[in-house]
Amino acid sequence: MELEDFTIPIVTAIGFISVLKSSVKFLRWVWVMFLRSPKNLNEYGSWAVVTGATDGIGKALAFELASKGLNLVLCSGKQIVEIIDKEIKGLDVGILVNNAGLAYPYPRFFLDVDLELMEDIFKVNMESATWMVLSVLPGMLRKKKGAILNIGSASSTIVPSYPLFTLYAATKAYLAMLSRSISVEYKHSGIDIQCQIPVFVATKMTKLKESSIFIASPETYSKASVRSIGYGQICTPYWAHSLQWFIANALPDTLLNWGILSYFVAVNKVAKLKESKKKAEQQKTVVDESN
């Protein structure tokens, strides 16, 4: 037999296997995003603790969890110590949502980030989240059930770098690794630990005012988020964000790095110009009042 007699069947078989694998992945994605039944969250416990619940994703998640019949303890990033010491002792905490997060007011180069803001970012994004996990995990282990949801960021997972928001992305990368590692440690004890990766959500932090298919409203995102609690270590619960992740992975890292850097440098220049004008107006007002 000639070589061509073997080549055609082999190429056909490889093509068929490739199409079959892609089809299976697509069908699984459809099942996960739209058809899979959510877990009964009340089985974890009767109370849920949500940090960063004053606005945005945290507030929407609080409403969504309440609609499932859970009692809530809500706290902001600066209340973490008080919450640990007083509020959750003795409660049957089944779910912890670490949503509190802090970023720069606008894109900044690393050396332009002042120490006070840097420390606040470390405290809210890493220290507070870690202490919250430490506070609820022992109780979950005693009853051998519980769920911990850490809200991460596409800046640390989907893209190769996130220049001019470096510290924010780095702290969110910490949260993703924390989730992966303690999930491996305690999954066998009945604790579901997960880091969810939102992309674009219309919140005050992102400064995105209008929602769309690809820019989820906090309410839309929270519904998808709650449906995914307990499934997997790292996930992107909202279907349109999952598509954005797929597209980003298909693009070269060099192109993504260039695009993100160029955009944030432009935003940085505009923000600095506005800041300079505001300071000049304030100084002028002070001079006028002194005269």
Check: So, Gln196 side chain and Gly152 main chain: donor-acceptor pair closer than 3.5 Å or not?
Finding: no
Note to self: Testing the basics here: between Cys195 and Ala176, what is the closest heavy-atom pair and its distance to 0.1 Å?
What the structure shows: SG-CA, 3.8 Å
Check: At their closest point, which heavy atom of Arg227 faces which heavy atom of Phe34, and how far apart are they?
Finding: NH2-O, 3.9 Å
Margin query: As an exercise, state the distance from CG of Asp120 to CD of Glu127, rounded to the nearest 0.5 Å.
Written below: 11.0 Å
Notebook entry, point to check: Could you go step by step and tell me if Leu117 and Asp114 meet the side-chain contact (heavy atoms from CB on, under 4.5 Å) rule?
Noted result: CA-CA 6 Å; Leu117 177 58; Asp114 60 86; 3.4 Å; yes
Notebook entry, point to check: So Ser225 and Tyr238, side chain to side chain donor-acceptor pair (under 3.5 Å) or not? Walk me through it.
Noted result: CA-CA 7 Å; Ser225 172; Tyr238 179 51; over 6 Å; no
Item checked: Over 12 foreign heavy atoms within 6.0 Å of NZ, Lys207 -> yes
Next item on the list: Could you please spell out the steps behind the side-chain contact (heavy atoms from CB on, under 4.5 Å) verdict for Trp47 and Leu70?
Entry: CA-CA 6 Å; Trp47 285 85; Leu70 290 162; over 6 Å; no
Next item on the list: Assign the ring pair Trp29 / Trp239 to parallel, tilted or perpendicular, where the plane angle (0 to 90°) is split at 30° and 60°.
Entry: perpendicular
Note to self: Using only atom types and a distance under 3.5 Å, with no angle test, would you say the side chain of Lys172 pairs donor to acceptor with the backbone of Asn125?
What the structure shows: no
Margin query: Determine whether a donor-acceptor pair (N or O, by modelled atom type, separation under 3.5 Å) exists between the side chain of Ser189 and the backbone of Ile191.
Written below: no
Notebook entry, point to check: Crowded around Arg28 CZ? As in, over 12 foreign heavy atoms under 6.0 Å?
Noted result: no
Next item on the list: Assess whether atom CD1 of Ile213 is packed by more than 12 heavy atoms of other residues, nucleotides or ligands within 6.0 Å.
Entry: no
Notebook entry, point to check: Hey, would you say the Phe264 and Tyr106 ring centroids sit under 6.0 Å apart?
Noted result: no
Next item on the list: Say whether, by atom type as modelled, one donor and one acceptor occur between the side chain of Ser262 and the main chain of Gly259 under 3.5 angstrom.
Entry: no
Notebook entry, point to check: Which atom pair, heavy atoms only, marks the closest approach of Tyr221 to Pro237?
Noted result: OH-CG, 3.5 Å
Margin query: I want to know whether Tyr104 and Tyr168 have ring centres closer than 6.0 Å.
Written below: no
Item checked: Step-by-step side-chain contact (heavy atoms from CB on, under 4.5 Å) determination, Met126 to Leu175 -> CA-CA 7 Å; Met126 296 196 308; Leu175 208 56; over 6 Å; no
Check: So, does Lys145 use its side chain to make a donor-acceptor pair with the main chain of Glu43 at under 3.5 Å?
Finding: yes
Next item on the list: Could you tell me which non-hydrogen atom of Ser228 sits nearest to which non-hydrogen atom of Cys235, and how far apart they are?
Entry: CB-SG, 4.2 Å
Next item on the list: Among Leu96, Ile88, Thr51, find the one that has a side-chain contact (heavy atoms from CB on, under 4.5 Å) with Val73.
Entry: Ile88
Checklist line | Val265 vs Phe109 side-chain heavy atoms within contact, under 4.5 Å | finding: yes
Next item on the list: Show your reasoning for whether side-chain contact (heavy atoms from CB on, under 4.5 Å) applies to Phe122 and Leu167.
Entry: CA-CA 8 Å; Phe122 289 155; Leu167 289 175; 3.9 Å; yes
Check: Does NZ belonging to Lys143 count more than 12 external heavy atoms closer than 6.0 Å?
Finding: yes
Note to self: How long is the straight-line distance from OG of Ser242 back to CD of Gln244, given to the nearest 0.5 Å?
What the structure shows: 9.5 Å
Margin query: Name the residue from Val97, Ile234, Asn99, Asn98 that meets the side-chain contact (heavy atoms from CB on, under 4.5 Å) definition with Asn150.
Written below: Asn98
Note to self: Starting from Phe63, can I reach Leu149 by hopping between I/L/V/M/F/W/Y residues whose side chains sit under 4.5 Å apart?
What the structure shows: no
Check: Side chains of Pro38 and Ile229: does their closest heavy-atom pair fall under 4.5 Å?
Finding: no
Note to self: I'd like to know if the side chain of Ser181 reaches the main chain of Leu178, judged simply by a donor and an acceptor atom lying under 3.5 Å from each other, with no hydrogens or angles considered.
What the structure shows: no
Next item on the list: Consider only side-chain heavy atoms of I, L, V, M, F, W and Y, link residues closer than 4.5 Å, and tell whether Ile247 and Phe214 are in one cluster.
Entry: no
Check: Is there a donor-acceptor pair closer than 3.5 Å between any side-chain N or O of Lys272 and the backbone N or O of Arg108?
Finding: no
Note to self: Taking Gly190's backbone N and O only, do any of them form a donor-acceptor pair with Lys144's side chain (distance below 3.5 Å, no angle check)?
What the structure shows: no
Check: Which pair of heavy atoms, one from Ala62 and one from Leu74, lies closest together, and at what distance?
Finding: CB-CD2, 3.8 Å
Note to self: When you group the ILVMFWY residues by side-chain heavy-atom contacts below 4.5 Å and let the links chain together, are Tyr162 and Leu256 in the same group?
What the structure shows: no
Notebook entry, point to check: Just how far is it from atom CD1 of Ile215 to atom OG1 of Thr220, taken to the nearest 0.5 Å?
Noted result: 12.0 Å
Notebook entry, point to check: Side chains of Lys123 and Ser128: closer than 4.5 Å at any heavy-atom pair?
Noted result: yes
Item checked: Contact check, side chains of Ile197 and Ser153, non-hydrogen atoms, under 4.5 Å -> no
Next item on the list: State whether the side chain of Thr166 and the backbone N or O of Pro163 hold a donor-acceptor pair below 3.5 Å, judged by distance alone.
Entry: no
Check: More than 12 foreign heavy atoms under 6.0 Å from NZ of Lys223: is that the case here?
Finding: no
Item checked: Point-to-point distance, once rounded to the nearest 0.5 Å, from OG of Ser183 to NE2 of His188 -> 11.0 Å
Checklist line | Within 6.0 angstrom of Phe246 CZ, more than 12 heavy atoms from elsewhere | finding: no
Check: Got a donor-acceptor contact below 3.5 angstrom from the His241 side chain to the Phe200 backbone?
Finding: yes
Margin query: Could you see if Leu141 belongs to whatever hydrophobic cluster contains Val136? Use Ile, Leu, Val, Met, Phe, Trp, Tyr and a side-chain cutoff under 4.5 Å.
Written below: yes
Margin query: I need the Thr236 OG1 to Met33 CE distance, nearest 0.5 Å.
Written below: 6.5 Å
Next item on the list: Could you tell me whether the side chain of Leu137 reaches within less than 4.5 Å of the side chain of Ile148, counting heavy atoms only?
Entry: yes
Notebook entry, point to check: Nearest 0.5 Å, what's the CD1-CD1 distance between Ile193 and Ile182?
Noted result: 4.0 Å
Item checked: Val267 to Pro107 - nearest heavy-atom pair and separation -> CG1-CD, 3.6 Å
Check: Out of curiosity, does Val199 fall in the hydrophobic cluster containing Leu255 (side-chain heavy atoms, cut-off under 4.5 Å, transitive links)?
Finding: no
